[in-house]
Amino acid sequence: MSAYRPLTASGLIDTLAALPSVSAILGGNTADWGAREVSDGNLNTVFIVSGPLGSVCCKQSLPYVRVDPSWAMPLERTLFEARWMQHVSPAVGHQIPTLYHLDEGLFLIVMENLATHHVLRGALIAGLAPAGFAARIGEFVGHASFATSWRAMPFEDVHAMRDIFSRNLALTRITVDLILTDPYRRDCARNHWISPALDDLVTAIQQDSALHAAVERLQERFLSCGQALLHGDLHTGSVMICGDDVRVIDGEFALYGPIGFDLGMFTANLIMNAYAQPEHDAWMRDEIALLWSGFRHAYLERWEQSGARGDVGSLSRPTVSSAERTRFFQQVMHDCAGFAGLELVRRTIGFAQIADYEASQDREQEVEARRRALITGRALIQRAFQIDSPEALLGMI
Ligand code: ADP
Ligand code: MG
């Protein structure tokens with residue numbers, strides 16, 4: 001096993017040269033290869049290495065948060081990302097990049113380079129994303145969540161997978177702190193917001209004990225409802241897109257949790273895009289409806305197949321009773337609404353905010369977009385248990 005060191009471009013090229021399968025993808029020899037850093041996420045280093053025949057994407061963890069080296073972070077996160085890719089790929093096929101190689105000593109993933117794709121967040125801001133992309137994300141969540149659920153596998157197999165991802169402690173801690181806790185605490189120095197324009201709403205959010213009780217219900221859902229293997233960080237920066245080819249990347253936050261968490265994260269990022277760029281309003285509403293219908297269709301398709309072997313559903317399979325179907329999708333929608341509310345709040349006043357707001361026409365429109373996100377977020381958190389259809393969710397926006 002290789003000893004860990006943060007790789008430079010030339011160190012990376014030497015490492016890849018020792019891998020025959022990767023060398024074959026690149027073609028030629030090391031003198032013909034070039035490495036270029038493309039890191040734009042918060043946590044890790046990402047390089048694209050190109051050769052005469054092809055290219056690969058290489059992602060390595062650092063012992064700290066890339067954008068804040070004073071924040072120490074265990075290296076294991078790329079191992080969880082690779083395990084997430086291995087576990088969901090049979091169910092989602094080419095909706096994620098192909099994993100070529102994992103070096104567990106260097107904490108290095110070598111994967112398919114999505115050379116013609118663009119990160120969805122940037123494409124949305126530029127107005128260049130093709131309409132209908134969210135249906136593919138819904139299908140992705142439907143297939144990945146069913147295949148890793150208690151309906152698909154005997155409980156012994158689910159426990160074996162949960163054991164793996166329950167060790168993803170450092171990144172789950174980030175979610176618990178940054179999404180489920182910090183924005184509601186007055187004394188948290190990681191929060192930041194446009195002041196004084198948002199002060200009244202931030203104070204209200206941080207002093208509202210009824211809201212905090214609703215957040216607590218979501219904390220409990222997130223930590224105690226291990227429904228399926230989640231992506232865990234499914235925002236528009238974790239999707240790359242080229243025409244109707246939509247890929248999900250960056251699964252390092254993977255964990256067992258409520259399916260509505262992934263759907264809610266993604267929904268909230270579509271809402272914030274529409275708030276920042278009001279000309280996208282009708283488009284994003286359509287995408288939110290497509291996200292949900294894509295999810296529902298994909299999940300049901302597998303649920304109604306006879307191949308499932310899970311202990312949950314063993315009495316009715318392959319028939320799905322309409323009462324159980326209604327109950328299941330309503331519960332996922334309650335979670336989706338609540339977690340969307342949390343994402344709206346944390347991306348507006350928490351540590352990690354989003355570029356969409358900067359696409360607002362001017363400061364006044366940005367403040368307006370952020371105020372709408374806080375008001376909607378708060379309402380979604382409080383009323384999550386009343387929202388049981390995509391129409392009800394869209395009515396809150
Ligand atoms: P982080 O974990 O630091 O957030 P990401 O996985 O989001 O890192 O990757 C950072 C950036 O690297 C992405 O925004 C994208 O531009 C690029 N990238 C990631 N994976 C690929 C890939 N398979 N092919 C091409 N580019 C990629
Ligand atoms: Mg990322």
Side-chain angles (χ1 to χ4, degrees), residues 38-42 46 48 57 94-97 113-141 194 197-198 231 233-250 262-295 336 340-341 343-348 352-377 380 390-391 393-397:
V38 296
S39 323
D40 68 0
N42 290 329
V46 181
I48 305 297
C57 176
H94 287 294
Q95 286 202 277
I96 61 172
N113 178 27
L114 302 171
T116 56
H117 293 61
H118 297 281
V119 176
L120 176 59
R121 189 182 301 286
L124 271 182
I125 292 170
L128 296 174
F133 62 85
R136 305 285 90 76
I137 297 299
E139 287 158 12
F140 168 85
V141 175
I194 298 176
L198 301 182
H231 176 277
D233 193 26
L234 191 58
H235 58 87
T236 50
S238 295
V239 172
M240 294 186 73
I241 188 159
C242 175
D244 61 6
D245 187 20
V246 178
R247 308 288 191 103
V248 178
I249 62 166
D250 200 10
D262 276 355
L263 293 168
M265 290 290 108
F266 200 74
T267 300
N269 280 269
L270 301 181
I271 296 172
M272 287 182 282
N273 178 268
Y275 284 173
Q277 298 180 281
E279 65 278 16
H280 293 173
D281 180 76
W283 178 21
M284 290 305 116
R285 285 175 184 276
D286 288 347
E287 297 294 340
I288 290 168
L290 287 170
L291 174 75
W292 187 259
S293 58
F295 162 69
C336 170
E343 175 75 350
L344 288 171
V345 172
R346 77 102 172 194
R347 292 293 193 182
T348 306
Q353 302 195 7
I354 52 170
D356 306 53
Y357 285 129
E358 284 144 41
S360 298
Q361 264 165 18
D362 51 37
R363 188 70 157 182
E364 201 179 323
Q365 195 187 69
E366 180 181 348
V367 166
E368 176 62 18
R370 288 176 180 270
R371 291 189 69 86
R372 294 177 74 187
L374 292 177
I375 292 164
T376 309
L380 285 173
E391 295 72 30
L393 179 75
L394 289 168
M396 301 277 296
I397 300 169

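Just so you know, these numbers come straight off a predicted model, no measurement behind them.
- Among residues at least two apart or in separate chains, salt bridge (charged side-chain N to carboxylate O under 4.0 Å, His left out) pairs with a member in residues 123-140 are Arg136-Glu139.
- In this structure, CD1 on Ile354 lies 5.0 Å from CZ on Arg121, to the nearest 0.5 angstrom.
- Residue pairs meeting the salt bridge (charged side-chain N to carboxylate O under 4.0 Å, His left out) criterion with at least one partner in residues 266-277, sequence neighbours excluded, are absent.
- Between the CD atom in Glu279 and the CE atom in Met284 there is a gap of 10.0 Å [rounded to 0.5 Å].
- Using modelled atom types, no side-chain atom of Arg346 and backbone atom of Gln353 make a donor-acceptor pair closer than 3.5 Å.
- The salt bridge (Lys or Arg N to Asp or Glu O under 4.0 Å) check on Asp244 picks up nothing, with sequence neighbours excluded.
- Rounding to the nearest 0.5 Å gives a distance of 9.5 Å between OH of Tyr357 and CD1 of Ile194.
- Put simply, the side chain of Gln365 gets close to the backbone of Gln361: a donor and an acceptor are under 3.5 Å apart.
- Between the side chains of Gln277 and Asp356, no donor N or O sits under 3.5 Å from an acceptor N or O.
- Sorted by first and then second residue, the ring pair (Phe, Tyr, Trp, His ring centres under 6.0 Å) pairs involving residues 264-284 (not counting sequence neighbours) are His280-Trp283.
- Counting only distance, with no hydrogens or angles, the side chain of Ser238 and the backbone of Leu234 share no donor-acceptor pair below 3.5 Å.
- Remark: the backbone N or O of His231 is paired with a side-chain donor or acceptor of Asp262 at under 3.5 angstrom.
- The distance from the CD1 atom of Ile249 to the NE2 atom of His117 is 10.5 Å, given to the nearest 0.5 Å.
- When the salt bridge (Lys or Arg N to Asp or Glu O under 4.0 Å) test is applied to Asp286, no partner is found at least two apart in sequence or on another chain.
- Under the side-chain hydrogen bond (donor to acceptor under 3.5 Å, both in side chains) criterion, Arg247 pairs with Glu112, Asp245, not counting sequence neighbours.
- Thr348 places no side-chain N or O within 3.5 Å of a backbone atom of Arg370 that could act as its donor or acceptor partner.
- Atom-to-atom distance recorded for Ile48:CD1 and Asn113:CG is 4.0 Å, nearest 0.5 angstrom.
- A side-chain donor-acceptor contact under 3.5 Å links Glu287 to the backbone of Ala134.
- Summarising the geometry, atom CZ belonging to Arg285 is positioned 6.0 Å from atom CG belonging to Leu394; distances are rounded to the nearest 0.5 Å.
- Applying the 6.0 Å contact sphere to CD of Glu364 captures no more than 12 heavy atoms from other residues, nucleotides or ligands.
- Annotation: His118, atom NE2; neighbour count of heavy atoms from other residues, nucleotides and ligands within 6.0 Å does not exceed 12.
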